Amino acid sequence: MEQRFYYSIASGSSGNCGLYVAGDTAVLIDLGVSLRKITSALAEVGLTLGHIAGVLITHDHIDHVKGLPMFLKKAEAPVFASHDTALALSIKHPQAKERLHTFAGGDGFTVGGIAVRSFETPHDAAGSVGYILEHAGCRFGFATDLGFVPGEIARQLRGCEAVVLESNHDPYMLQAGPYPYPLKQRVGGPRGHLSNPDCAVCAAELVKSGTKTLILAHLSEHNNMPELALEQTKNAVRGLPPCRIVVAPRERMEAPIVLTEEEQCSLFG
Ligand SMILES: [Zn+2]
Ligand SMILES: [Zn+2]
């Protein structure tokens, strides 16, 4: 069986970047850290920038695109972004314009051996999206930076063998925490970030639909704790079919999460 794995290179408000590999296709999702960090993570798994078939950008917030200018300089891979995200990026980085492959939220396209489908996310960045990546009948979902999980997104994620899902904050920690009131409103609002309890509800639905691996991501440094996020979601899936649940750390993961160890990907959805 061809290998499939996910390697979180950075996750959280200080930077987001992940590597998904399926068969001989390697894709980066977001470029929110320095190129140096990206190349050193790639080297850990025996890859270089030259192996990257494409980059999927979720939106133009700095924690997702910090490494983009340097990436464009040093790498050749196409960078995919929604029309509105691409517009915002080309204003900030005119050199990006030529290199961006744009699509409408909801559109699908192909990167190497992976069929990609985008979906619009409720977040305070124009053109913000998440992705489903499909390879050999197995689907991998990526949904961070969303204020809530609309039914349509839950439906699209159903049956993915693995999903990277935001578990940003504990609502009580957010309320009691150091953020100024307007920022608390933004983070906790419907176009902000997904809370632990909302993540847990979605996680339970995913596990029922056949998801075998959940990667909790984009945890807030100030308004969350990894143990808290993990506990909420573990409680929500208790009694359901077995599912591996891990937290993506702020810095890169110790080792990639191998998805092909599972006997077979889910055939649901
Ligand atoms: Zn973010
Ligand atoms: Zn964002």
Side-chain angles (χ1 to χ4, degrees), residues 6-20 27-34 37-38 41 55-69 71 79-93 96 100 105 118-131 141-150 153 157 163-171 173-174 177-180 182-196 198-199 202 214-226 229 247-253:
Y6 180 72
Y7 192 23
S8 179
I9 298 173
S11 185
S13 49
S14 52
N16 294 277
C17 181
L19 170 71
Y20 177 72
V27 168
L28 286 170
I29 305 175
D30 283 333
L31 296 170
V33 288
S34 70
K37 281 193 180 174
I38 297 172
V55 179
L56 308 176
I57 301 289
T58 59
H59 62 300
D60 72 310
H61 283 163
I62 190 70
D63 55 318
H64 297 261
V65 295
K66 211 181 304 171
L68 177 66
F71 183 88
V79 177
F80 296 86
S82 73
H83 296 313
D84 284 347
T85 298
L87 184 65
L89 290 174
S90 339
I91 292 168
K92 278 180 256 178
H93 313 288
L100 293 172
S118 63
F119 52 83
E120 294 180 37
T121 46
H123 190 53
D124 55 356
S128 170
V129 296
Y131 294 101
F142 192 94
T144 68
D145 298 72
L146 65 173
F148 67 106
V149 183
I153 294 185
L157 293 174
V163 176
V164 175
L165 185 61
E166 176 164 45
S167 194
N168 179 260
H169 60 274
D170 173 81
M173 284 184 75
L174 177 66
Y179 284 5
L183 186 54
K184 288 181 182 179
Q185 293 286 96
R186 183 182 91 71
V187 169
R191 295 173 67 79
H193 290 277
L194 201 66
S195 70
N196 294 344
D198 288 350
C199 168
C202 180
L214 278 165
I215 299 145
L216 309 184
H218 212 303
L219 269 69
S220 167
E221 191 174 356
H222 304 288
N223 308 306
N224 208 353
M225 290 184 289
V247 169
R250 227 178 307 287
E251 301 291 333
R252 90 176 173 227
M253 278 177 163

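All ligand and atom numbering here is 1-based and tracks the order in the structure. A quick note: this is a predicted structure, and the numbers were derived from the prediction, not measured.
- Applying the ring-ring contact (aromatic ring centres under 6.0 Å, His included) test to F148 and every residue at least two apart in sequence or in another chain returns nothing.
- For P178, the side-chain contact (heavy atoms from CB on, under 4.5 Å) test picks out H222, N223, with sequence neighbours left out.
- Residues satisfying the salt bridge (charged side-chain N to carboxylate O under 4.0 Å, His left out) test with K66, not counting sequence neighbours, are none.
- Shown are the protein N/O/S atoms under 2.8 Å from the Zn ion (ligand 2), given by residue and atom: H59 NE2, H61 ND1, H123 NE2, D145 OD2.
- A side-chain donor-acceptor contact under 3.5 Å links S11 to the backbone of H218.
- Aromatic ring orientation, H64 versus H59: tilted (interplanar angle from 30° to 60°).
- Side-chain atoms of H61 and N16 include no donor-acceptor pair closer than 3.5 Å.
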